[in-house]
Structure formats: C-alpha cells, structure tokens
K.L.:
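Have a look at this one.
Whatever order the structure lists ligands and atoms in, that order sets their numbers, starting from 1.
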Amino acid sequence: MQQALSFIRSSREKYIEELKDYLSIPSISSDPDRMDAMVDCADHTAALLKRAGMENVKVNKTAGHPVVTGDWLHVEDSPTVLIYGHFDVQPVDPLDLWEKDPFTAHIKNDRLIARGTADDKGQLFMHIKALEAILKTTGRLPINVRFVCEGEEEIGSPSLPGFLRSNRDQLKADIAVVSDSSMLDEGMPAITYGLRGLTYLEIELIGPNRDLHSGTYGGAVANPAEILARLLAEVKDEKGRIRIPGFYDRVVDLSDDERKLLAKAPHDDGKYMADLGVDELWGEAGYTTPERASARPTFEINGIWSGFTGTGAKTVLPSRAFAKISSRLVPNQDPDEIIELTEKFFVERAPKSVKVNLTRFHGGHPVVTALDSPYIKAAELALSESFKHEVYFIREGGSIPIVADFKTILGLDTLLLGFSLPDARTHSPNENIHLPTFFTGIESLVRTWFYFVK
Ligand code: BES
Ligand code: MN
Ligand code: MN
C-alpha cells in the first residue's frame, strides 16, 4: 500500500495534465451536436482504463451513448467491487459567466476549473488512478474490480438499466462504489448514505387560440399565465408542506436517531445564506436546513415562461403558459406514483378556460443504504486516515438514478464516496475540483481497497 501512496504523491503533475486532456472533450450528453464528442470520450475512458491495467476493456454500444466496461478479476477470495462513474457532463451555458473556456481546464486557488472536474469525470479519473497506482507498484490488486462508466447520467440514464439487465452475469459483484457526490467541506470527509429520487414534468396551459390584444380582450378571457401562477402557488402551503394529495403517504419519517446522526455534521445557516446571497432561508417547517435539503421531499419550479418576455412592453394576453416542474423524492416514494399524483393535481384544479398538456421527463428512485456494512467501516477508516479527520455520514439531495437500479437489478448496495466540495459549482459556471482534496481522495481510495480485505 505504501508504494502505491508514494507513487501517487510523485505523479501529481502528471495526473493534472492527463485529467486536463480528459476534460477537454466536450461530452455534453444532452446536445445532439456533441455525438462525436461522446464517442471520443467513451474511447478516451477506455484508453484510461487500459493504461491503468484493466482487462477486457470494451466500449459497448447502446441505443444512446456508449457504456464503457473493463475489469481486473484475479484474487479469488477477495470481494468484487463494481465501480461506477459517468463521463458525460451538463451543458455549459451561460458561457459568459465562465472565467475561461469550460473545456480548457485551468488552475486557480488550488482548484482545477472546467466542466466535468467534479461531476463526474474528475472523480471517475480518481478511481482509475488509484487502481493504476496499486497495479503499477505491486503488480496486483487486493480486490477484484469491474468498471461501468456511462455517458447518459445527466440525461437520466435511459440505456443503463437495460444494459445491467442484459449483462447481469458479467456484472456480478459484492458492492457498488460510486464517487459522484460531495464531502462536507475542505478536510471534512463524508460518506453519503442517502440520495433523493426525482420526477420531472413540463406543464403547458392552452387558453385562447392566439395571443390577444390585452386591451380588447383583457378582463373577459382567462389568462393562462395567471392560471399557471395560481396553480403553482397552490402547490405548497405557508408552512412549506406540499399539498398534492397523497404526496407524503409513503414518506419514511426521520427517526430521532437519524436526526442525531445528521446533526453531527456541522452546518451553519449563516454561512450558507452568505454563500448564496440570501437574507433568509425558507423550507418545510420543523426541519433543519440539511434535513430539508436531503431527507425531505420537495417540489420545485425549474422554469416558467409565457407571453411577452422581450425588451420593452407589449400589451398581450398570452395564448399559452409553460412551466418545468420537478420533485425530489425520499424513501419510499415511488416516482411513477408521484408523477401521477402531481398530474392529477394540475388537471383537476385547472379551470375549463384552459387545456392542460403534460409531458414527462426522466425520473429516478430515492435510496438510503444501511450503515452497518463492513465496506462502510473500511471506507470510513480509509477516509479518516487519509484526511486526518473524522468521517461524517450524510444524505444528499441530488439524484443518481442508477444507484437504485444497482439494488433492484444487480442486488448490490452502493457505497457513495464523494470528493467534491460545497463550492464545486456542479452544473454551474466555473465547476471545479479542489486539487489537494483530489490527491488525498485518490490515496483514500487506495486505502479503501486494502481495508476491504483487512
Ligand atoms: N452527481 C449528480 C448527483 C448528485 C448531486 C449527487 C449532488 C450528490 C450530490 C448527478 O450527476 C446529477 O446531477 N444528477 C441529476 C439527476 C439526473 C436524472 C439528471 C440531478 O440530481 O439533478
Ligand atoms: Mn454526477
Ligand atoms: Mn450532474
């Protein structure tokens, strides 16, 4: 183990250069103009795996973007770890808010800045380098590994569940490990044991058959924008409770023990507000900020538009109004059920003056994993030794839909070891990874694999 750790310490410059190359590929999975980049990025991922010493490296075609697999399976009595990461990234707009080109990584204040540094190419790269360091210095690994790298996470993983189902035998493992989440703060490592699920809908309200003169018709014809605003405002009560009937029926309430565990992770509302530039926080009454943001379900308006939004004024009564809305879910809410309940809420409440059109987008199941596993204990020890700090157990509000599928399709629990910091700006301009955390994180992964068999 020590040789691998020394190897990592002397490879830092090289890692940065290699990661910069990887980040230079604009692998935006949602952009049809980036299809070639997705193929390049899959090939590049495969090359990284091969260079690290992985065997049977394959770029698997799917109906969408490719899945890259590879393995190293040479220790009979050791556990097999399925390592998952995604090499696709979110779009980069608004481009003018980036300090430099999003696909030309640069370093500032110990941070490497580029799209994909934290979410998730940088973190997938950490796994590859940890294993490469062990193989290069000792010729073998303490564990067996199988990589599954996907290019569709940011678009809801449409192809991966099918891939898991058709390759069950080639994906047999004892545990899945995913690094696509966060630490609590610099120097404060965390193991994430819960992720929220997701439902996503677009709602369109159609009123009169054309945009109307608001002077000629205003007052006599219902305005779809106004109706939409009214309906959306009805979703939550003044205490932040969601009023969609049945929404909370399956929610598992937080136990006192769990609330105590979550409260161990330091959190400062003042700092949180200052970081966001808000003077007040708002959420469901009776819960702390970390609970609201990770262990309670939500309803959000992601976008809303209608009528005239150009410069100047135009007196118009719009024909249509739109909103993109989503809910984050917690166990045991079911995304299919919640989407039905949400649709019903809008359809039943909409007046006859508008027609309601609903379009469903991707979703995913929430997960909470058991904390009493030997793998978690091993990772906790590895993280605390590497970061020289106690490990916090947290739930996170984001979603990685495939994690629930690892359980239902492959029977695997997932260990979530995340290394992005709270200011990593994932999905935002100037996404970054903190380099000291990145290097220590690679070391902590090496330790994790050795402690898996200790
Ligand atoms: N890595 C994130 C999920 C995440 C965010 C985990 C924060 C832990 C903390 C992932 O890439 C992501 O962005 N997921 C999407 C869901 C997907 C279906 C578009 C999300 O959470 O919005
Ligand atoms: Mn991610
Ligand atoms: Mn993401």
K.L.:
Ignoring hydrogens and geometry beyond distance, is a side-chain donor-acceptor pair present between Ser182 and Glu396 at under 3.5 Å?
P.N.:
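The criterion, which ignores hydrogens and geometry beyond distance, is satisfied for Glu396 and Ser182.
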
K.L.:
For the Mn ion (ligand 3), what is the closest N, O or S atom on His427?
P.N.:
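It is NE2 of His427.
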
K.L.:
Looking at side-chain heavy atoms only, is the closest gap between Ser399 and His365 below 4.5 Å?
P.N.:
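Sidechains of His365 and Ser399: no contact.
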
K.L.:
The criterion is ring pair (Phe, Tyr, Trp, His ring centres under 6.0 Å); which residues satisfy it with Phe406, sequence neighbours excluded?
P.N.:
Tyr84

K.L.:
Which ring-ring contact (aromatic ring centres under 6.0 Å, His included) pairs, counting each pair once, include a residue from residues 159-193, with sequence neighbours left out?
P.N.:
none

K.L.:
Minimum heavy-atom separation for Leu281 to Val278, with atom names?
P.N.:
CD2-CG2, 4.2 Å

K.L.:
Using a strict cut-off of less than 4.0 Å between a Lys/Arg side-chain nitrogen and an Asp/Glu carboxylate oxygen, indicate whether Asp180 and Lys121 qualify as a salt bridge.
P.N.:
no

K.L.:
Residue by residue, ordered by chain and number, which ones reach under 4.0 Å of ligand 1 with a heavy atom?
P.N.:
His86, Asp119, Glu153, Glu154, Gly156, Asp180, Ser181, Leu195, Leu198, Arg328, His362, Glu396, Gly398, Ser399, Ile400, Pro401, His427

K.L.:
Are any of the side-chain nitrogens in Asp268 or Lys271 under 4.0 Å away from the carboxylate oxygens of its partner?
P.N.:
no

K.L.:
In plain terms, say whether Arg115 and Glu431 are close enough for a salt bridge, that is, a side-chain N and a carboxylate O under 4.0 Å apart.
P.N.:
yes

K.L.:
May I ask you to check whether His127 and Ser179 show a side-chain donor-acceptor distance below 3.5 Å?
P.N.:
yes

K.L.:
Is the Lys NZ or Arg CZ of Arg241 less than 6.0 Å from the centre of Tyr248's six-membered ring, within 45° of the axis?
P.N.:
yes

K.L.:
Ignoring water, what protein N, O or S atoms are under 2.8 Å from the Mn ion (ligand 2)?
P.N.:
His86 NE2, Asp119 OD1, Asp180 OD1, Asp180 OD2

